[in-house]
Visitor: 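Dumping the structure here so I can ask a few things about it.
Note that this is a predicted model, so its numbers are computed, not measured. Naming convention: chains lettered A, B, ... in sequence-line order (proteins, then strands); numbering from 1 in each chain. What's counted below: heavy atoms across the whole structure, side chains too, no hydrogens, waters or symmetry copies.
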2 protein chains.
Amino acid sequence: MEVSQTLRRHFPDGVIAASCPSRVVLDHVTSKWGFLVLLALAEGDSLRWSELRRRVQGVSEKMLAQTLRTLEADGLVARDAKPVVPPHVEYSLTPLGAELAQLLTPLMDWLVVHAPDILDRAG
Amino acid sequence: MEVSQTLRRHFPDGVIAASCPSRVVLDHVTSKWGFLVLLALAEGDSLRWSELRRRVQGVSEKMLAQTLRTLEADGLVARDAKPVVPPHVEYSLTPLGAELAQLLTPLMDWLVVHAPDILDRAG
DNA sequence: CTGTATCCCCACCGATACTG
DNA sequence: CAGTATCGGTGGGGATACAG
């Protein structure tokens, strides 16, 4: 197996610099809830706040808000607040976020399929 | 965009259960250093402890050891300690780990390419 | 060279209460 | 409905010293 040409081009010696900007985004994506929020939106549908809370099981209001704000600031998630009462807010992936989510989905697939074996072995 | 058939089959309602075993493995892979350690080994070469420390910039001895033990217990990383003095230990991906790493590499590619834009926008 | 052992902090996160 | 504000604990993780 080989790492990609892209990575080789950026890091010929195989070292990803601690100062590399990708570390920051990696932290966002691999944050406790970032991955699951992006995945929940990966179907392409807009989801309401309450629907997101339901799908990302276990997330608290605080962490959902924080995660959504981070991902929105990163340009990965779009927030659409309709000016009605009671409030109605929809979240969806931006084109950039959709690109990213396409890479996350096969990873989650693999984890779902192999997790039982892995945990059996690990005890 | 659509989530994969695999995810749909496991979670028809789009909800990944909080109790799903994949959450545990997801935590290992998305842990602060798990992703980078797997990536460092993704070239396929065996790496020595000291080489890993060099490539995964910023990791402490404690966290490298802990991460490697977790990944080894998960069957993703193989540890080969040669009975010589001074000690000589090599780490590599298992076939399972190599499968996983193949999904991680394109993700890191994407992050490296897009991180600058994302951070510019996010400030 | 390849780790373990220990101390300790603080940032993450959950729980709860409250608001437009 | 869709959040914000605040408090408190907890364990992840860094620093250091030590060991086989």
Visitor: For A:R69, which residues count as a salt bridge (Lys or Arg N to Asp or Glu O under 4.0 Å) partner, sequence neighbours excluded?
Guide: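 Counting only residues at least two positions away or on another chain, A:R69 forms no salt bridge (Lys or Arg N to Asp or Glu O under 4.0 Å).
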Visitor: To the nearest 10 degrees, what angle separates the axes at the start and end of the helix from C:dC1-D:dG20 to C:dG20-D:dC1, five pairs each?
Guide: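 Rounded to the nearest 10 degrees, the bend comes out at 60°.
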Visitor: Atom CZ of A:R55 and atom CG of A:L52: how far apart are they, to the nearest 0.5 Å?
Guide: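 That separation rounds to 8.0 Å.
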Visitor: Walk me through whether B:L36 and A:L26 qualify under side-chain contact (heavy atoms from CB on, under 4.5 Å).
Guide: CA-CA 10 Å; B:L36 291 172; A:L26 181 63; 4.1 Å; yes
Visitor: Taking any atom closer than 4.0 angstrom to a non-hydrogen atom of chain B, what span of DNA chain D does the protein reach, first nucleotide to last?
Guide: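 Contacts span D:dG13 to D:dG20, reading 5' to 3'.
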Visitor: Drop me the distance from B:L107's CG to A:L100's CG, to the nearest 0.5 angstrom.
Guide: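 B:L107 CG to A:L100 CG: 6.0 Å, rounded to 0.5 Å.
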Visitor: Looking at B:L38 and B:A101, what are the two nearest heavy atoms and their distance?
Guide: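 For B:L38 and B:A101, the tightest heavy-atom pair comes out as O-CB, 4.5 Å.
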Visitor: Taking side chain to side chain contact (heavy atoms under 4.5 Å, CB included) as the definition, give me every residue that meets it alongside B:K32, ordered by chain and number, with sequence neighbours left out.
Guide: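 Result, side chain to side chain contact (heavy atoms under 4.5 Å, CB included) vs B:K32: none returned.
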Visitor: Taking only residues two or more places apart in sequence or in another chain, which ones pass ring-ring contact (aromatic ring centres under 6.0 Å, His included) with A:W110?
Guide: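 For A:W110 the ring-ring contact (aromatic ring centres under 6.0 Å, His included) partners, ignoring immediate neighbours, are A:H114.
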Visitor: Run the side chain to side chain donor-acceptor pair (under 3.5 Å) test against B:R121 and tell me which residues pass, sequence neighbours left out.
Guide: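 Not a single residue meets the side chain to side chain donor-acceptor pair (under 3.5 Å) criterion with B:R121.
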Visitor: Can you list everything that forms a ring-ring contact (aromatic ring centres under 6.0 Å, His included) with B:H28? Sequence neighbours excluded, please.
Guide: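 Not a single residue meets the ring-ring contact (aromatic ring centres under 6.0 Å, His included) criterion with B:H28.
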Visitor: Can you list the residues that meet the side chain to side chain contact (heavy atoms under 4.5 Å, CB included) rule with B:V89, with sequence neighbours excluded?
Guide: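 B:R79, B:A81, B:Y91.
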Visitor: So where does chain A start and stop touching DNA chain C, 5' to 3', when the test is distance under 4.0 Å to a non-hydrogen atom?
Guide: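 Contacts span C:dC13 to C:dG20, reading 5' to 3'.
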Visitor: Check residues 5-15 of chain A and write down every donor-acceptor pair under 3.5 Å in which the side-chain atom is one partner and the other belongs to a residue at least two apart or another chain.
Guide:
| unit_1 | atom_1 | unit_2 | atom_2 | d |
| --- | --- | --- | --- | --- |
| A:R8 | NH2 | B:E43 | OE1 | 3.2 |
| A:H10 | ND1 | A:T6 | O | 3.0 |
| A:D13 | OD1 | A:V15 | N | 3.2 |

Visitor: Listed by chain and number, what are the side chain to side chain contact (heavy atoms under 4.5 Å, CB included) partners of B:V84, not counting sequence neighbours?
Guide: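 By the side chain to side chain contact (heavy atoms under 4.5 Å, CB included) rule, B:V84 matches B:K82, B:H88.
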Visitor: Which residues in residues 46-71 of chain A have a heavy atom closer than 4.0 Å to any atom of DNA chain C?
Guide: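 Listed by number, they are A:S60, A:E61, A:K62, A:M63.
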